[in-house]
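Worksheet: the structure to be examined is printed underneath.
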Amino acid sequence: MKKVFLNLLQQPITNSYLINTKSSTLKKEFFYNLSMIINLSNFLVSIKKPVNPKIQYTDIYAHRASQSKTMNLSFKKIAEKLKKKFRPKLTMEIGSNDGVFLKNFHKKEIVAVEPCKNLAQITNRNGYLTYDKFWDTNLARKIIKKRGKIDLIYSANTISHIPNLKEVFKAISICLNHNGVFVFEDPYIGSVLKNNSYDQFYDEHVHVFSQLAISNLLNPHKLKIIKTEILSTHGGSIRFYVAKKDSKYKISKSVKKIYDSEINLKLNKFSTYKKFSLRVQNSKKQLMKLLKKLKKANKKVISYGATYKSATIFNYCNIDKSLINYVVDTTKNKQWKYTPGKHLLIKPPIDMIKEKIDYAFLGAWNFSKEIMAKEKKFIKNGGKFITHVPKVRIIK
Ligand code: DWN
């Protein structure tokens with residue numbers, strides 16, 4: 001049985017940055033209802049009615065995974081760790097974005113899958129064979145015909161974006177070597193509940209995983225979780241190591257430990273999600289109260305990082321340019337465009353002191369350490385950051 005626990009109202013497609021705010025452009029903007037459900041038979045948290053991936057992952061996809069030092073370092077670290085541990089002859093990445101993980105491999109040792117043609121073009125140009133297709137069983141068969149079975153499959157922030165997980169895992173089991181390993185990481189529902197980070201729910205995050213849900217979903221494909229890690233990446237992620245049931249791998253203690261902690265957190269109970277939903281409603285009230293108070297006091301407030309996550313916040317809370325002047329972001333192809341739904345202008349990074357900014361809302365709260373380090377002068381000069389995680393507050 002599937003039950004709705006949270007309604008985040010009408011939302012735009014988070015990747016649809018607008019090039020202008022003419023009424024003819026606004027008329028074409030696509031909105032859908034973002035309601036979250038829990039499937040009480042396998043404990044998977046998903047969007048009730050996901051958007052069609054063909055309108056999400058286009059040749060104008062904006063996000064560039066290489067835009068933060070934190071992520072460059074994190075991908076380098078995991079690439080080195082996986083190479084050392086599994087010594088793969090052939091690796092594949094699903095959802096390779098602009099190649100931030102691929103670049104840690106030799107071009108002949110890795111193949112990539114990336115449905116956004118503009119991104120696949122970047123990595124193909126850099127010499128990494130990239131299939132600009134959606135991950136499915138047809139593609140899996142095509143790849144093994146050309147390259148043979150795969151020793152290591154890695155995927156970050158992609159598997160949770162795919163509506164049909166049955167097809168995903170079937171395709172994995174087709175092309176994974178007998179003793180191959182599939183490693184994937186995505187936002188963790190345990191962290192979302194702990195941090196009240198409801199902005200992890202948006203069109204692309206069709207599912208937000210728990211270990212409980214993933215082990216239920218892998219079972220029919222003769223796949224098993226051999227190890228699980230909880231990560232601080234992106235404000236709380238979960239990394240699964242998956243192998244064939246009859247492979248040489250034993251199940252590590254981490255799997256039982258995380259199972260126990262998820263039962264303890266009651267991730268298998270509807271009431272847990274309902275309570276979370278009340279906290280989200282309260283978070284909205286608190287954020288609106290704070291922003292309205294700052295506006296009344298004539299403070300200049302901007303948002304830092306035109307994240308997909310912040311689209312959920314702005315649209316759910318109804319935050320427009322009457323409350324936040326504009327957004328800053330380092331990604332060139334987001335700059336001088338407008339945020340989806342609420343149409344805040346996105347500027348390149350600015351001198352926050354010269355621009356007389358009083359407060360910056362952390363749209364990219366998951367990089368708060370990196371941002372604070374960059375903006376030391378702003379903070380020293382009396383500038384302040386606002387966050388909504390784990391609760392709405394001005395960071396002291
Ligand atoms: O899963 C997904 C995650 C990993 O990335 C995608 N579906 C889409 C995207 O979501 P997001 O936009 O919420 O991700 P980030 O990585 O939190 O985005 C950070 C944004 O902030 C980027 O646009 C870059 C920007 N930024 C900045 O302007 N200055 C980041 C840092 C660290 C900075 O100093």
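What's counted below: heavy atoms across the whole structure, side chains too, no hydrogens, waters or symmetry copies. Whatever order the structure lists them in is the order used to number ligands and atoms, beginning at 1.
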Any nitrogen or oxygen of Lys334, main chain or side chain, under 3.5 Å from a nitrogen or oxygen of ligand 1? yes

Closest non-hydrogen contact found for Leu344 with Asp320 is CD2-C, 3.4 Å

Looking at non-hydrogen atoms alone, which of Gln200, Lys369, Glu204 comes nearest to atom 7 (N) of ligand 1? Glu204

Take every heavy atom of His205, measure it against each atom of ligand 1, and state whether any distance is under 4.0 Å. yes

Asp151 and Asn177 side chains, donor-acceptor separation under 3.5 Å: yes

For ligand 1, which atoms, with element, lie under 4.0 Å from some heavy atom of Ala364? 21 (O)

Can you tell me which residue and heavy atom of the protein come closest to atom 12 (O) of ligand 1, and the distance to 0.1 Å? Tyr308 N, 2.8 Å

Heavy atoms only: which of Val328, Thr330, Asn157 is nearest to atom 28 (O) of ligand 1? Thr330

Under 3.5 Å, is there a donor-acceptor pair between the Tyr188 and Gln211 side chains? no

Region of Lys309 that comes within reach of ligand 1 [heavy atoms, distance under 4.0 Å]: both

Heavy-atom contacts with Thr331 under 4.0 Å: which atoms of ligand 1 show up? List them by number with element. 22 (C), 23 (O), 24 (C)

With a 3.5 Å cut-off and no angle check, do the side chains of Asn33 and Ser35 form a donor-acceptor pair? yes

Would you mind checking which non-hydrogen protein atom is closest to atom 25 (C) of ligand 1, with the distance to 0.1 Å? Asp329 OD2, 3.2 Å

Within the 4.0 Å heavy-atom shell around Gly305, which atoms of ligand 1 are there? 21 (O)

Would you say the side chains of Tyr304 and Glu375 form a donor-acceptor pair under 3.5 Å? yes

Any idea which atoms of ligand 1 are less than 4.0 Å away from a heavy-atom of Ile371? 34 (O)

Write out the residue and atom name of the closest protein heavy atom to atom 34 (O) of ligand 1, then the distance separating them to 0.1 Å. Lys374 NZ, 2.5 Å

With a 4.5 Å limit on heavy-atom distance, are the side chains of Val280 and Tyr316 in contact? yes

Taking the six-membered ring of Tyr128 (Phe, Tyr or Trp), confirm whether the NZ or CZ of Lys107 is under 6.0 Å from its centre and within 45° of its axis. yes

By number and element, which atoms of ligand 1 are closer than 4.0 Å to a non-hydrogen atom of Ser68? 32 (C)

Side-chain donor-acceptor pair present, Glu370, Thr70, cut-off under 3.5 Å: yes

Between Tyr202, Tyr61, Phe367, Tyr304, flag the one that comes closest to atom 29 (N) of ligand 1 by a heavy atom. Tyr304

Could you walk me through whether Glu229 and Lys227 pass salt bridge (Lys or Arg N to Asp or Glu O under 4.0 Å), step by step? CA-CA 7 Å; Glu229 292 168 346; Lys227 183 178 168 181; 3.4 Å; yes

Within the 4.0 Å heavy-atom shell around His161, which atoms of ligand 1 are there? 1 (O), 2 (C), 6 (C), 7 (N)

Nearest protein heavy atom to atom 18 (O) of ligand 1, by residue and atom, and its distance? Thr307 CG2, 3.5 Å

Are Thr312 and Gln11 side-chain neighbours, meaning at least one heavy-atom pair lies under 4.5 Å? yes

Heavy atom of Arg64 under 4.0 Å from ligand 1? no

Evaluate the side-chain hydrogen bond (donor to acceptor under 3.5 Å, both in side chains) criterion for residues Lys337 and Asn20: first the C-alpha distance (whole Å), next the side-chain angles of each, then the deciding distance (0.1 Å), finally the verdict. CA-CA 7 Å; Lys337 291 183 182 160; Asn20 59 49; over 6 Å; no

